[in-house]
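Sequence lines set the chain letters: A, B, ... in the order given, protein chains first and strands last, and positions in each chain run from 1.
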Amino acid sequence: MGEKDVTSSKKAKSLKTTDPSQNPYLSHMYDTDVNGYGNAYGNDNYCGNGHSEENTLAHFKRHATTAEQAYKAEDGPNNPFTSQPLTKKYFKILQTRRDLPVNKQRQEFLDMFHSTQILVFVGETGSGKTTQIPQFVLYDDLPHLYGKLVACTQPRRVAAMSVAQRVADEMDVRLGEEVGYSIRFDDKTGPKTILKYMTDGMLLREAMHDRDLTRYSCIILDEAHERTLATDILMGLLKEVALRRPDLKIVIMSATLDAQKFQKYFTIEKEIERRTLRIEAPLLAVPGRTHPVEIFYTQDPEKDYVEAALRTVLQIHATEPEGDILLFLTGEEEIEDACRKIALEADEMIREADAGPLRVYPLYGTLPPAQQQKIFDPAPPPSRPGGPPGRKVIVGTNIAETSLTIDGIVYVVDPGFSKQKVYNPRIRVESLLVSPISKASAQQRAGRAGRTRPGKCFRLYTEAAFKKELIEQTYPEILRSNLANTVLELKKLGVDDLVHFDLMDPPAPETLMRALEELNYLACLDDNGDLTRLGQLASEFPLDPALAVMLISSPEFYCSNEMLSLTALLSVPQIFVRPASARKRADDMKALFMHPDGDHLTMLNAYHAFKGPQAQADPKGFCHQHFLSLRALQSADNVRMQLKRIMEKSELELVSTDFNDKEYYTNIRRALIAGFFMQIAKKDGTGKTYKTVKDDQSVLLHPSTGLSTDSEWVVYNEFVLTTKNYVRTVTSVKAEWLLDIAPIYYDLDTFPKGDIKTALQAAEKKIQRRKAMKGGR
DNA sequence: GAGCACTGC
């Protein structure tokens, strides 16, 4: 097969640059001298019989192999999965792999894997579990001989990509062939793929179309302790699939001491045909490889944690030996502020106390990638030979706790707080709240100090507070979210009886009731709680139910093309940027796109300008000039493409009203109501305040709005709870439209008495009068 | 006249 065949693949995708070796955040994971592999993704003439008799795995007995056999096969000379001669690079990596802590327990792992269907595996940081366990499984499960795959899930995309690349290197294959990955917008797998790293959300999507996950012979859920929504649902699902598919092997990998909880959860006992079926889930633990971290507590509680944090950082700089510092704070503003203060104080220390140079870097999710990358710059050297050490301080959010790993951190300062999502089912609002972290989180933070050598962690709370006040684990996401989307997914997965669906931590009944109610109003579920045709369609879209319903209904309003754009814009980060240093100029630029009837329309105008020929000639320049986020707009483009494909597949019409038609914007405003009729607020009469229709909450229009405050009724995209109650991204609508488009929700016979009902009744009369006039003509 | 912790489809 010629080189040309390999590179001229039809499947090569160009949506995004996804070569993980190009990812600056992962550069520390790659040996610079081992870059001999391109990422050309090949779809060659493989016909399913490439693994022939001479294959060293030929005599392996499935689910009865030994570690010794696997070692032999791994030792070459040929690659047991491709029959190709193994390269030098492979053997070099093999040496380091054999040194990993998991490797010592390979036989033990296999024994356990053979003896059971579900296995709980606990491996601490540095044990090598994410890269090695899936390979241990491959050599025993031999999925290529059965036309199956092994899947390994990750909570984050970058992890799925980078680990897949690493394992492809370890196995001496091209990424996308035997080893691949699958994440939203990027599928690097092919017909030869036997090991697939993927995001947990991606596997959940697949399950919606293949409830028994028949493509897989083994599913490995990695980082299960993070308890993402997708992981929790998958675990519940896998418990059921395990009973339907005795041939499916399941490995749950976790990093915490909470392993017994997983073990207990996966011990299944079920009566089938008067026989008791019992699946035990044995537990295997492997030590990690990290350096010790000494923990320090404060003597007394700190009143002002930011002030205490700054003091601690400066004290470390003044008194501790060489090594970088990581400080955890809660959000952008707090971090930027702290960075300024640290830099100022450090300058003074350098001038007056002969301290070493100190460089300060902020780190949070919304920071542009180029600036995020700076945290990997080396610390400054001492200002004179033999002088006090220079160092860097990184002031970051929780992103530094799991998502990004920075080597060289020796000192961690942990004030013990983070912003967490909380959901209040009573007022049906999700909000962000600064809250104390959990013990597990505190341990994870401390661990960041011991990656390269022994370190120190300064906790800005007392030891007693740590022991008594911090909860063990952060509450899993499923207990902190609006579950409308989750319930829709579960229904699509065939879970009819939600109350008895076995989740590891069942949410409050009220949260479930709220979700069912919301889906019922959206006509996604009927009165029996069964999925409707609309619900079926909505579940196909990777969107919140209200957005999905809005999009599906949009052809009826002759504006599905526009709603496609708007839906995409509403599911990416804010497209308007407003740097603190140029607020006025940013506002002036936004004014160019402003539509007086609403922020949704303003967003759409900006998007259309971005898609225009002038902007497309130089998107970067256009965005910079107009204070728009190129990243957000490009991401909206990606989302739009994906949604458009689903629209086409579902045979939903793509239509527009002529731009010069006077109904162009009216149609869009009406279409908003089809999904967001539960998010309407009415002016309170007295002045600036509005009242929500849903639960009579007093709210203000968010100051970022371009809408004049004289609109009687508005539809809002979100409710933000900060110093005040705000509704954000608002567009003016009419009461008549509400009655017309959402007659069940706005049924005047059952609508609760009050100002809103009176106003709706007036609108109803107006409609009747108009009808009568038309009828009389 | 305010503020987006972090993921994911």
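- With B:dT7, B:dA5, B:dG8 as the choices, the nucleotide that has an atom nearest any side-chain atom of A:Arg157 turns out to be B:dG8.
- Of the possible polar contacts, one joining the A:Lys590 side chain to the A:Ser704 backbone as a donor-acceptor pair under 3.5 Å is found.
- Residue A:Arg728 has a polar side-chain atom (N or O) positioned under 4.0 Å from OP1 or OP2 of B:dC4.
- Spacing between atom CG of A:Leu433 and atom C1' of B:dC4 amounts to 15 Å, rounded to whole angstrom units.
- Taking the nucleotide of DNA chain B with the nearest heavy atom to each of A:Arg205 and A:Gln420, the more 5' of the two is matched to A:Gln420.
- Looking at A:Arg205, its side chain does come within 3.5 Å of a backbone N or O of A:Glu540 through a donor-acceptor pair.
- A:Ser418 comes within 4.0 angstrom of no nucleic acid atom, judged by non-hydrogen atoms across all strands.
- Of the possible donor and acceptor atoms, none in the side chain of A:Thr199 sits under 3.5 Å from a partner among the backbone N and O of A:Pro155.
- Closest to the side chain of A:Asn485, out of B:dT7, B:dG1, B:dG8, is B:dG8.
- Regarding the sugar-base torsion, B:dC4 falls in the syn class, its angle being within 90° of 0.
- Within 4.0 Å (heavy atoms only), A:Arg583 reaches at least one base atom of the nucleic acid.
- Judged purely by atom type and a 3.5 angstrom limit, A:Arg448 has no side-chain atom pairing as donor or acceptor with the backbone of A:Val412.
- Considering only heavy atoms from C-beta on, A:Val306 stays 4.5 Å or farther from A:Pro415 through its side chain.
- Taking only side-chain atoms of A:Thr397, from C-beta outward, the nucleotide of B:dA5, B:dT7, B:dG1 with the closest atom is B:dA5.
- Taking every side-chain heavy atom of A:Tyr726 into account, B:dG3 is the closest of B:dG3, B:dC4, B:dT7.
- Picking from B:dC6, B:dG8, B:dG1 the nucleotide with the shortest atom distance to the side chain of A:Thr199 gives B:dG8.
- Within the nucleic acid shown, A:Leu432 comes within 4.0 Å of at least one base atom, counting heavy atoms only.
- At B:dG1, none of the side-chain N or O atoms of A:Lys724 fall inside 4.0 Å of OP1 or OP2 (strictly under the cut-off).
- Heavy atoms of A:Tyr364 sit under 4.0 angstrom from primed sugar atoms or phosphate atoms, though from no base atom.
- The interatomic distance linking A:Arg578 (CZ) with B:dG1 (P) rounds to 12 Å, in whole Å.
- Proximity note for A:Glu333 (side chain, C-beta onward) versus B:dA5, B:dG3, B:dC9: the nearest is B:dG3.
- Atom CG in A:Leu221 sits about 15 Å away from atom C1' in B:dG8, given to the nearest Å.
- Per the geometry, CG belonging to A:Asn717 stands 14 Å off P belonging to B:dC4, to the nearest Å.
- Atom P of nucleotide B:dG1 and atom CZ of A:Phe576 are separated by 21 Å, given to the nearest angstrom.
- As rounded to whole Å, 22 Å separates atom P of B:dC6 from atom CD1 of A:Ile478.
- Atom-to-atom, CE of A:Met198 to P of B:dG8 comes out at 14 Å; the value is rounded to the nearest Å.
- The side chain of A:Arg156 approaches B:dG8 more closely than any other nucleotide in the set B:dC9, B:dG1, B:dG8.
- Between A:His225 atom NE2 and B:dT7 atom C1' there is a gap of 13 Å when expressed in whole angstrom units.
- As judged by a 4.0 angstrom heavy-atom cut-off over every strand, A:Gln574 is placed among the base-contacting residues.
- Salt-bridge formation is detected for the pair A:Arg156/A:Glu226: a Lys NZ or Arg NE/NH1/NH2 atom is positioned less than 4.0 Å from an Asp or Glu carboxylate oxygen.
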